[in-house]
Amino acid sequence: MSEDDEASWAVDPDDEWGMAVIATVGRQLKLRREAAGMRAADFAAAMGYGEDLVYKVEGGRRIPRPGYLEKADRVLDAGGLVAAMRQDVAKVRYPKNVRDLAKREEKAVELLLYDPLHIHGLLQTPEYARALFRMRRPMYAVEEMERGVAARMARKSVFERDPAPDFSFVQDEWALRRPLGGKEVLRGQLEHLLEAGRLPTVEIQVMPMDREEHAGVDGGIEIMKFEDGTSVGRSPGFSYGRPVSEPKQLRILELRYGIIRGQALTPRESAAFIEDLLGET
């Protein structure tokens with residue numbers, strides 16, 4: 001890992017709001033450094049990083065990691081004011097599309113989620129998620145991959161809400177059998193599914209491969225319902241994959257999802273099925 005990657009993340013040039021936040025953080029760091037009477041070279045030496053990285057962070061071209069801000073706080077004797085910028089950085093450290101999805105998940109009171117290709121992102125272990133990112137072609141840079149894994153794991157905070165939303169997951173059997181990343185990664189993933197399925201607001205169902213009827217042939221389905229009675233849904237095989245919120249369109253997605261749930265194993269049967277797979281792995 002390069003020095004830049006160790007101390008910071010890349011800025012997404014298409015994320016205007018994120019760039020504005022990081023530019024503000026960078027200006028504040030520069031003002032603090034100058035107020036302390038430190039040249040960039042002296043500050044870089046005290047931080048243990050190159051001068052070039054200091055200029056990139058202060059210029060809003062790199063997102064400082066929490067460790068960078070904590071160390072800068074000590075070097076500048078800022079009394080916690082620089083370290084507090086971690087809250088601003090936390091808002092933009094993940095890609096914009098992931099932040100937008102996480103916001104919707106945070107507001108949802110019910111989530112209906114069917115993924116025919118992989119274990120759903122909210123159920124993935126870090127190792128499984130990393131294996132998925134490694135499969136992408138063209139390949140992601142290491143920094144981009146790790147940023148994606150971190151973003152996906154951060155979304156799991158939705159399970160910790162009080163009260164927690166109700167989750168319904170349906171997974172195709174073949175996704176549970178494919179050993180992406182190796183058998184140990186798969187074992188860890190299956191064990192995590194069993195653990196997640198024990199949560200009181202989570203139901204996980206398996207769609208067996210031997211089903212002769214399957215309402216999910218048009219692709220995955222995601223439906224989020226909110227406290228005010230509104231909903232938003234999305235499916236690659238419906239409305240060109242765009243999110244929909246019109247009642248007529250949502251009715252179609254909910255109909256498909258309901259049929260898929262009816263065709264899948266029950267949550268109890270699914271847990272036993274996953275345990276059997278675990279024994280085979």
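Here the structure is a predicted model, which means the values were calculated and not measured.
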S.K.: A quick test of your reading: do over 12 heavy atoms of other residues, nucleotides or ligands sit less than 6.0 Å from CD of Gln87?
M.R.: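 Open: at most 12 neighbouring heavy atoms sit under 6.0 Å from CD of Gln87.
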S.K.: Does a side-chain heavy-atom distance below 4.5 Å link Ser231 with Met224?
M.R.: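 When only atoms from C-beta onward are counted, Met224 and Ser231 do not touch, as no gap falls below 4.5 Å.
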S.K.: With rounding to the nearest 0.5 angstrom, report the CG to CG distance, Leu29 to Leu69.
M.R.: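 If we round to the nearest 0.5 Å, Leu29:CG and Leu69:CG are 6.0 Å apart.
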S.K.: Between Asp52 and Val54, is the side chain to side chain contact (heavy atoms under 4.5 Å, CB included) condition met? List the steps.
M.R.: CA-CA 5 Å; Asp52 181 61; Val54 171; over 6 Å; no
S.K.: Looking at CD of Glu160 and OG of Ser157, how far apart are the two atoms once the value is rounded to the nearest 0.5 Å?
M.R.: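 OG of Ser157 is found 6.5 Å from CD of Glu160.
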S.K.: Are Leu250 and Val232 joined in one hydrophobic group, where the rule is that I, L, V, M, F, W and Y side chains link up if heavy atoms are under 4.5 Å apart?
M.R.: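 No.
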S.K.: Sequence neighbours excluded, which residues qualify as side chain to side chain contact (heavy atoms under 4.5 Å, CB included) partners of Arg251?
M.R.: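 So Arg251 forms no side chain to side chain contact (heavy atoms under 4.5 Å, CB included) with any residue.
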S.K.: With sequence neighbours excluded, tell me which residues meet salt bridge (charged side-chain N to carboxylate O under 4.0 Å, His left out) with Glu184.
M.R.: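 Residues passing salt bridge (charged side-chain N to carboxylate O under 4.0 Å, His left out) with Glu184: none at all.
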S.K.: In sequence, state the C-alpha distance, the side-chain angles, and the governing distance for Tyr128 and His118, and then conclude on side chain to side chain contact (heavy atoms under 4.5 Å, CB included).
M.R.: CA-CA 10 Å; Tyr128 183 90; His118 315 296; 3.7 Å; yes
S.K.: Apply salt bridge (Lys or Arg N to Asp or Glu O under 4.0 Å) to the pair Glu127 and Arg187, showing each step before the final yes or no.
M.R.: CA-CA 11 Å; Glu127 294 78 14; Arg187 282 190 61 83; over 6 Å; no
S.K.: Look only at the side chain of Trp174 and the backbone of Pro116, and say whether a donor-acceptor pair between them is shorter than 3.5 Å.
M.R.: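 The answer is yes, because a donor-acceptor pair under 3.5 Å joins these two groups.
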S.K.: Quick one: does Val170's side chain get under 4.5 Å of Tyr257's, heavy atoms only?
M.R.: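 Heavy-atom side-chain distance check passes, below 4.5 Å.
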S.K.: Between Arg147 and Glu143, is there a side-chain N and carboxylate O pair less than 4.0 Å apart?
M.R.: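 Salt bridge: no.
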S.K.: Kindly confirm or rule out a cation-pi arrangement of Lys30 over Tyr55, judged by NZ or CZ under 6.0 Å from the six-membered ring centre and within 45° of its axis?
M.R.: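 Negative - Lys30 is either too far from the ring of Tyr55 or too far off its axis.
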S.K.: Salt bridge or not between Arg155 and Glu106? Use side-chain N to carboxylate O under 4.0 Å.
M.R.: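 No.
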S.K.: Between the main-chain N or O of Gln124 and the side-chain N or O of Arg152, is there a donor-acceptor pair closer than 3.5 Å?
M.R.: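 Not a single qualifying donor-acceptor pair exists.
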S.K.: Evaluate the side-chain proximity of Glu16 to Met19: yes if any heavy-atom separation is below 4.5 Å, no if none is.
M.R.: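 Answer no - side chains too far apart.
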S.K.: When you compare the side chains of Glu269 and Thr266, does any donor N or O come within less than 3.5 Å of an acceptor on the partner?
M.R.: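 Indeed, the side chains of Glu269 and Thr266 share at least one donor-acceptor pair under 3.5 Å.
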S.K.: Would you call Arg27-Glu34 a salt bridge at under 4.0 Å N-O?
M.R.: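 No salt bridge links Arg27 with Glu34.
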S.K.: What's the shortest heavy-atom distance between Ala46 and Val75, and which atoms?
M.R.: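 Here Ala46 and Val75 meet closest at CB-CG1, 3.7 Å.
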S.K.: Leu190: what forms a side chain to side chain contact (heavy atoms under 4.5 Å, CB included) with it, not counting sequence neighbours?
M.R.: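 Side chain to side chain contact (heavy atoms under 4.5 Å, CB included) list for Leu190, sorted by chain: Leu176, Leu186, Leu193, Ile274, Leu277, Leu278, Thr281.
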S.K.: Test your reading of the model: is there a side-chain donor-acceptor pair from Arg256 to the backbone of Leu253, 3.5 Å cut-off?
M.R.: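 No: the side chain of Arg256 does not pair with the backbone of Leu253.
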S.K.: Once rounded to the nearest 0.5 Å, what's the spacing between atom NZ of Lys183 and atom CD of Glu280?
M.R.: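 Going from the NZ atom of Lys183 to the CD atom of Glu280 covers 10.0 Å.
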S.K.: Counting C-beta onward and ignoring hydrogens, is there a side-chain heavy-atom pair between Glu173 and Met207 closer than 4.5 Å?
M.R.: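 SC-SC contact between Glu173 and Met207 ruled out.
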S.K.: For residues Pro64 and Arg62, report the shortest heavy-atom separation together with the two atoms involved.
M.R.: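 Residues Pro64 and Arg62, closest heavy atoms: CD-O, 3.4 Å.
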S.K.: Could you measure the distance from the CG atom of Leu111 to the CZ atom of Phe169? Nearest 0.5 Å is fine.
M.R.: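 Rounded to the nearest 0.5 Å, the CG-CZ separation comes out at 7.0 Å.
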S.K.: Before you tell me yes or no, could you show the steps for Glu227 and Val109 under side chain to side chain contact (heavy atoms under 4.5 Å, CB included), namely the whole-Å CA-CA distance, both residues' side-chain angles and the distance that decides it to 0.1 Å?
M.R.: CA-CA 6 Å; Glu227 194 169 11; Val109 296; 4.0 Å; yes
S.K.: Taking ring pair (Phe, Tyr, Trp, His ring centres under 6.0 Å) as the test, write out the residues that go with Phe226, two or more places apart.
M.R.: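 Once residues adjacent in sequence are excluded, Phe226 has no partner under the ring pair (Phe, Tyr, Trp, His ring centres under 6.0 Å) criterion.
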S.K.: Are Glu222 and Leu113 packed together at the side-chain level, in the sense that at least one heavy-atom pair is separated by less than 4.5 angstrom?
M.R.: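 A side-chain contact exists here, since the closest heavy-atom pair is under 4.5 Å.
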S.K.: Could you tell me which non-hydrogen atom of Ala215 sits nearest to which non-hydrogen atom of Ile259, and how far apart they are?
M.R.: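 In this case the closest contact between Ala215 and Ile259 is CB-CG2, 3.5 Å.
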S.K.: Please check if Val57 and Tyr49 belong to a single hydrophobic cluster, counting links between Ile, Leu, Val, Met, Phe, Trp and Tyr side chain heavy atoms closer than 4.5 Å.
M.R.: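 Same cluster: Val57 reaches Tyr49 through Ile, Leu, Val, Met, Phe, Trp or Tyr contacts under 4.5 Å.
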S.K.: Taking ILVMFWY side chains as joined if any heavy atoms are under 4.5 angstrom apart, and letting links pass through other members, which residues group with Leu31?
M.R.: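 For Leu31, no cluster forms, as it stays isolated from other hydrophobic side chains.
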S.K.: For residues Phe238 and Asp218, determine if any side-chain heavy atom of one lies less than 4.5 Å from a side-chain heavy atom of the other.
M.R.: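 Heavy-atom side-chain distance check fails, nothing below 4.5 Å.
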S.K.: Using every non-hydrogen atom in the two residues, find where Ser235 and Gly220 come nearest and quote the distance to one decimal.
M.R.: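 Here Ser235 and Gly220 meet closest at OG-O, 2.7 Å.
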S.K.: If you look only at distance, which donor and acceptor atoms sit under 3.5 Å apart when one is on a side chain in residues 130-142 and the other is two or more places apart or in another chain?
M.R.:
residue : atom : partner : partner atom : Å
Arg130  : NE   : Glu146  : OE2          : 2.9
Arg130  : NH2  : Glu146  : OE1          : 3.2
Arg136  : NH1  : Tyr140  : OH           : 2.9
Arg137  : NH1  : Arg134  : O            : 2.8
Arg137  : NH1  : Met135  : O            : 3.4

S.K.: What is the minimum heavy-atom distance between Arg211 and Gln263, and which atoms define it?
M.R.: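 The pair with the smallest heavy-atom distance is NE-O, 2.6 Å.
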S.K.: If we ignore hydrogens and angles and just use 3.5 Å, is the side chain of Asp73 paired with the main-chain N or O of Val82 as donor and acceptor?
M.R.: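 Between the backbone of Val82 and the side chain of Asp73 there is a qualifying donor-acceptor contact (under 3.5 Å).
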S.K.: Let me see the working for Gln205 and Gln171 under side chain to side chain contact (heavy atoms under 4.5 Å, CB included), right down to the final yes or no.
M.R.: CA-CA 6 Å; Gln205 295 178 250; Gln171 296 285 168; over 6 Å; no
S.K.: Is Ile119 reachable from Ile204 through a run of I, L, V, M, F, W or Y residues, each pair having side-chain heavy atoms under 4.5 Å apart?
M.R.: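 The answer is yes; both residues are in one hydrophobic cluster.
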S.K.: Can you tell me how far CD of Glu191 sits from CD of Glu275, rounded to the nearest 0.5 angstrom?
M.R.: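 Nearest 0.5 Å value for the CD-CD distance: 11.0 Å.
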S.K.: Does any donor atom in the side chain of Tyr114 or Ser168 lie under 3.5 Å from an acceptor atom in the other side chain?
M.R.: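 Ser168 and Tyr114 do not have a side-chain donor-acceptor pair below 3.5 Å.
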S.K.: Is the CZ atom of Arg234 crowded by more than 12 outside heavy atoms at less than 6.0 Å?
M.R.: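 12 or below, so no.
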S.K.: If I compare all heavy atoms of Leu123 with all of Phe159, which pair ends up nearest, and what's the gap?
M.R.: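 Where Leu123 meets Phe159 most closely, the heavy atoms are CD2-CZ, 4.4 Å.
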S.K.: CD/Glu105 to NZ/Lys156 distance, rounded to the nearest 0.5 angstrom?
M.R.: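 Here the interatomic distance stands at 11.0 Å.
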S.K.: Measuring only between side-chain heavy atoms, which start at C-beta, is Asp172 closer than 4.5 Å to Met209?
M.R.: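 In short, these two side chains do not touch, never coming nearer than 4.5 Å.
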S.K.: Check whether any side-chain heavy atom of Thr201 lies under 4.5 Å from a side-chain heavy atom of Pro165, and answer yes or no.
M.R.: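 No; the side chains remain at least 4.5 Å from each other.
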S.K.: Can you get from Val202 to Ile260 by hopping between Ile, Leu, Val, Met, Phe, Trp and Tyr side chains that sit under 4.5 Å apart?
M.R.: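 No.
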S.K.: Check whether any side-chain N or O of Lys56 sits under 3.5 Å from a backbone N or O of Arg61 as a donor-acceptor pair, and report yes or no.
M.R.: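 Here the side-chain-to-backbone pair does not exist.
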S.K.: Give a yes or no on whether Phe167 and Leu194 share a hydrophobic cluster (residues Ile, Leu, Val, Met, Phe, Trp, Tyr; joining criterion: side-chain heavy atoms under 4.5 Å apart).
M.R.: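 Yes, same cluster.
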S.K.: Do Glu254 and Lys225 meet the salt-bridge criterion of a basic N to acidic O distance under 4.0 Å?
M.R.: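 Yes, Lys225 and Glu254 are salt-bridged.
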